[in-house]
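It should be emphasised that the depicted structure is a prediction, and the values quoted were computed from it without experimental measurement.
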Amino acid sequence: MVVHRLGMDTSGLVAFARTDAALRAMNGLFRSREVTRTYEALVCGTIDEDEGVINMPLMRDYEFPPYMRVSTDEHQRALTGLSADDVGKKLLERPKESLTKFAVVGREELDGNAVTRVALTSISGRTHQLNVHLAGFGHPITISFEHPVSGDKLSFESAAPF
């Protein structure tokens with residue numbers, strides 16, 4: 001049984017439980033935040049600081065649900081006067097405080113572009129927190145794929161439908 005999926009677009013893993021008792025115990029550890037989640041990711045650009053904390057509240061993205069976004073006063077004003085009937089109850093939830101610790105592991109180059117390898121620790125564990133925080137911090141997570149057999153670098157593109 002799947003307990004938790006940790007980190008998409010970062011070094012991540014999927015945790016499985018082999019018994020119902022293990023599933024309950026592991027779910028309890030995640031709920032009580034007794035599990036420390038640290039990920040490694042490549043982000044666009046060069047982060048100058050060697051370490052720091054990203055403190056940005058997150059909210060549901062009312063323009064592109066079910067995604068999340070950094071909450072700003074402007075985004076909150078856009079929801080003023082709307083009801084749950086207009087946009088749904090989840091979109092009207094208050095922004096949630098969110099903290100991510102980062103530590104620079106290395107400053108590198110990927111395909112001729114500057115990237116920074118960072119260790120990320122999710123303090124608050126919000127949905128899509130790492131991706132949204134790093135993008136809001138000005139250094140979105142980049143993805144690099146290699147073919148599993150040949151080792152050749154793979155590139156995927158999808159044209160915007162508009």
Side-chain angles (χ1 to χ4, degrees), residues 1-80 82-84 86-108 110 114-146:
M1 294 162 270
V2 174
V3 176
H4 205 77
R5 178 195 47 81
L6 300 173
M8 199 167 155
D9 301 337
T10 63
S11 61
L13 60 92
V14 178
F16 290 93
R18 295 180 66 176
T19 67
D20 286 340
L23 177 66
R24 283 190 298 278
M26 291 172 72
N27 279 336
L29 292 172
F30 280 98
R31 264 195 307 279
S32 62
R33 303 207 190 277
E34 294 180 54
V35 176
T36 300
R37 295 169 286 204
T38 301
Y39 310 89
E40 187 170 298
L42 279 178
V43 299
C44 297
T46 300
I47 298 177
D48 294 326
E49 304 91 352
D50 289 333
E51 59 184 36
V53 175
I54 302 169
N55 181 0
M56 297 176 182
L58 301 183
M59 64 181 283
R60 297 226 174 245
D61 190 328
Y62 55 87
E63 294 177 313
F64 302 102
Y67 297 108
M68 303 296 285
R69 72 180 333 153
V70 171
S71 177
T72 64
D73 290 341
E74 179 183 339
H75 295 139
Q76 289 302 303
R77 279 193 296 277
L79 297 174
T80 302
L82 297 176
S83 71
D86 296 328
V87 294
K89 185 175 152 185
K90 286 262 187 210
L91 289 180
L92 294 179
E93 290 176 351
R94 295 191 53 77
K96 295 182 177 167
E97 292 303 314
S98 303
L99 297 171
T100 300
K101 286 185 182 179
F102 71 88
V104 171
V105 175
R107 293 173 179 92
E108 308 171 17
L110 178 67
V115 294
T116 304
R117 184 174 301 274
V118 289
L120 303 168
T121 302
S122 171
I123 304 302
S124 37
R126 306 280 182 221
T127 302
H128 307 298
Q129 176 180 322
L130 299 179
N131 288 353
V132 176
H133 268 179
L134 272 294
F137 186 53
H139 299 281
I141 294 174
T142 184
I143 303 171
S144 179
F145 292 98
E146 292 181 0

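Annotation: side chain to side chain donor-acceptor pair (under 3.5 Å) contacts of Ser83 (sequence neighbours excluded): Asp86. By the ring-ring contact (aromatic ring centres under 6.0 Å, His included) test, His139 pairs with Phe137, sequence neighbours left out. With sequence neighbours excluded, the residues that form a salt bridge (charged side-chain N to carboxylate O under 4.0 Å, His left out) with Glu63 are Arg69. Every side chain to side chain contact (heavy atoms under 4.5 Å, CB included) that Leu29 has, sequence neighbours left out, goes to Glu34, Val35. Asp73 meets the side chain to side chain donor-acceptor pair (under 3.5 Å) test with no other residue; sequence neighbours excluded. Thr80 is linked by a side chain to side chain donor-acceptor pair (under 3.5 Å) to nothing, counting only residues two or more places apart in sequence or in another chain. Here Glu93 pairs with nothing under the side chain to side chain donor-acceptor pair (under 3.5 Å) rule; sequence neighbours left out. Under the salt bridge (charged side-chain N to carboxylate O under 4.0 Å, His left out) criterion, Arg107 pairs with Asp50, not counting sequence neighbours. Judged as a side chain to side chain contact (heavy atoms under 4.5 Å, CB included), and not counting sequence neighbours, the contacts of Val70 are Met56, Leu58, Val132.
Between atom CG of residue Leu91 and atom CG of residue Leu82 there is a gap of 9.5 Å, rounded to the nearest 0.5 Å. For the atom pair CE (Met59) and OG1 (Thr72), the distance works out to 7.5 Å, reported to the nearest 0.5 Å. Atom CG in Leu92 sits 9.5 Å away from atom CD in Gln76 (nearest 0.5 Å). Between the OH atom of Tyr39 and the OG1 atom of Thr121 there is a distance of 9.0 Å, given to the nearest 0.5 Å. Atom CD1 of Ile141 and atom CG of Asn131 lie 4.0 Å apart (nearest 0.5 Å). Atoms CG and CG, from Leu134 and Leu42 in turn, are 11.0 Å apart once rounded to the nearest 0.5 Å.
Enclosure of atom CD in Glu74 is not indicated, since only 12 or fewer non-hydrogen atoms of other residues, nucleotides or ligands lie within 6.0 angstrom.
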Test Arg60 against Met68 for side chain to side chain contact (heavy atoms under 4.5 Å, CB included), laying out the working first. CA-CA 4 Å; Arg60 297 226 174 245; Met68 303 296 285; 4.0 Å; yes

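Taking every heavy atom of both residues into account, Ala15 and Met26 meet most closely at CB-CE, 4.1 Å.
The salt bridge (Lys or Arg N to Asp or Glu O under 4.0 Å) contacts involving residues 121-138 comprise nothing, where partners must be two or more places apart or lie in separate chains.
Side-chain contact check for Thr116 and Thr46: no donor-acceptor pair (N or O, by modelled atom type) lies under 3.5 Å.
Between Tyr67 and His128, the ring planes are tilted. Angles from 30° to 60° get that label.
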Can you give me every donor-acceptor pair (side chain of residues 98-106, partner residue at least two apart or in another chain, under 3.5 Å) with its distance?
unit_1	atom_1	unit_2	atom_2	d
Ser98	OG	Lys96	O	3.1
Thr100	OG1	Gln129	NE2	2.7
Thr100	OG1	His133	ND1	2.7

